[in-house]
Amino acid sequence: MDEKERCQSCGMPISSDFGNYGTEADGSPVSEYCQFCFQNGGFTNPDQTVDEMVQSSVDFMTANLGFTAEKASEMSNDIIPRLKRWQ
């Protein structure tokens, strides 16, 4: 995996420059998770499985980022299962 700081749930690149860190219950930023996966001290979809996260990623990448389904699936299956949340 590349050296980008990534959400440890979905794999999306995160940084203070993007302003997309998740938040603790007190509103402070969480450096391990993005705003879409982690808000107010908890996961936004706590019952989501790794397979559901991979499919969600594939759907997003094909609909919004111009990836082919094959490339999106390859990338998502390579990155997401190795992230902290899914260990």
Side-chain angles (χ1 to χ4, degrees):
M1 190 178 334
D2 62 19
E3 295 302 315
K4 288 180 190 167
E5 188 174 4
R6 293 187 175 275
C7 174
Q8 293 299 299
S9 176
C10 71
M12 180 173 79
I14 54 175
S15 79
S16 56
D17 291 342
F18 296 151
N20 63 342
Y21 287 124
T23 56
E24 293 287 5
D26 66 4
S28 62
V30 175
S31 64
E32 289 185 315
Y33 300 107
C34 75
Q35 64 187 7
F36 304 107
C37 291
F38 200 87
Q39 296 176 8
N40 301 314
F43 289 107
T44 57
N45 190 350
D47 298 323
Q48 188 172 38
T49 67
V50 67
D51 291 334
E52 290 169 339
M53 179 60 78
V54 166
Q55 187 59 55
S56 177
S57 177
V58 169
D59 293 346
F60 179 83
M61 292 169 71
T62 56
N64 299 289
L65 302 178
F67 284 86
T68 64
E70 294 77 18
K71 183 64 175 172
S73 179
E74 177 186 320
M75 289 177 65
S76 297
N77 279 294
D78 181 50
I79 293 171
I80 293 171
R82 300 187 309 168
L83 298 172
K84 181 178 177 179
R85 180 178 181 185
W86 311 112
Q87 299 303 305

Within a strict 4.5 Å, meaning less than it, do heavy atoms of the [X] and [Y] side chains meet?
X	Y	value
S28	T23	no
F38	T44	no
E5	S31	yes

Salt bridge (charged side-chain N to carboxylate O under 4.0 Å, His left out): which pairs involve [range], sequence neighbours left out?
range	value
residues 34-54	none
residues 60-77	K71-E74
residues 11-23	none

Quiz prompt | Taking every non-hydrogen atom, the tightest pair across F67 and A72 | solution = CB-CB, 4.0 Å
Exercise. Ignoring hydrogens and angles, tell me if any N or O in the side chain of R85 forms a donor-acceptor pair with the backbone of S9 under 3.5 Å.
Key: no
Exercise. Indicate yes or no for a side-chain donor-acceptor contact from S57 to the backbone of M53 under 3.5 Å, with no hydrogens or angles considered.
Key: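 Absent.
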Which distance, rounded to the nearest 0.5 Å, do you find between the [atom1] of [X] and the [atom2] of [Y]?
X	Y	atom1	atom2	result
F43	C37	CZ	SG	7.5 Å
C34	M12	SG	CE	4.0 Å
T49	Q55	OG1	CD	10.5 Å

Quiz item: Only one of N64, V58, D59, L65 clears side-chain contact (heavy atoms from CB on, under 4.5 Å) with M61; which?
Solution: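 With M61 as partner, side-chain contact (heavy atoms from CB on, under 4.5 Å) holds for just one option, L65.
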Quiz prompt | L83 reachable from I14 in the ILVMFWY side-chain graph, under 4.5 Å edges | solution = no
Quiz item: W86, V54: one ILVMFWY side-chain cluster at the under-4.5 Å cut-off?
Solution: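 Yes.
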Under the side chain to side chain contact (heavy atoms under 4.5 Å, CB included) test, which residues partner [X], sequence neighbours left out?
X	value
S16	Y21
S56	Q48
Q35	N20
K84	Q8, E32, Y33

Self-check item: Set of residues satisfying side-chain hydrogen bond (donor to acceptor under 3.5 Å, both in side chains) with respect to T68, sequence neighbours excluded
Solution: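 Once residues adjacent in sequence are excluded, T68 has no partner under the side-chain hydrogen bond (donor to acceptor under 3.5 Å, both in side chains) criterion.
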Quiz item: Taking only residues two or more places apart in sequence, or in another chain, which ones meet N45 in a side-chain hydrogen bond (donor to acceptor under 3.5 Å, both in side chains)?
Solution: none
Quiz prompt | E24: salt bridge (Lys or Arg N to Asp or Glu O under 4.0 Å) partners, not counting sequence neighbours | solution =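 Scan of E24 (salt bridge (Lys or Arg N to Asp or Glu O under 4.0 Å), adjacent residues dropped) gives none.
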Exercise. Report the residues that fulfil ring-ring contact (aromatic ring centres under 6.0 Å, His included) with F60, sequence neighbours left out, ordered by chain and then residue number.
Key: none
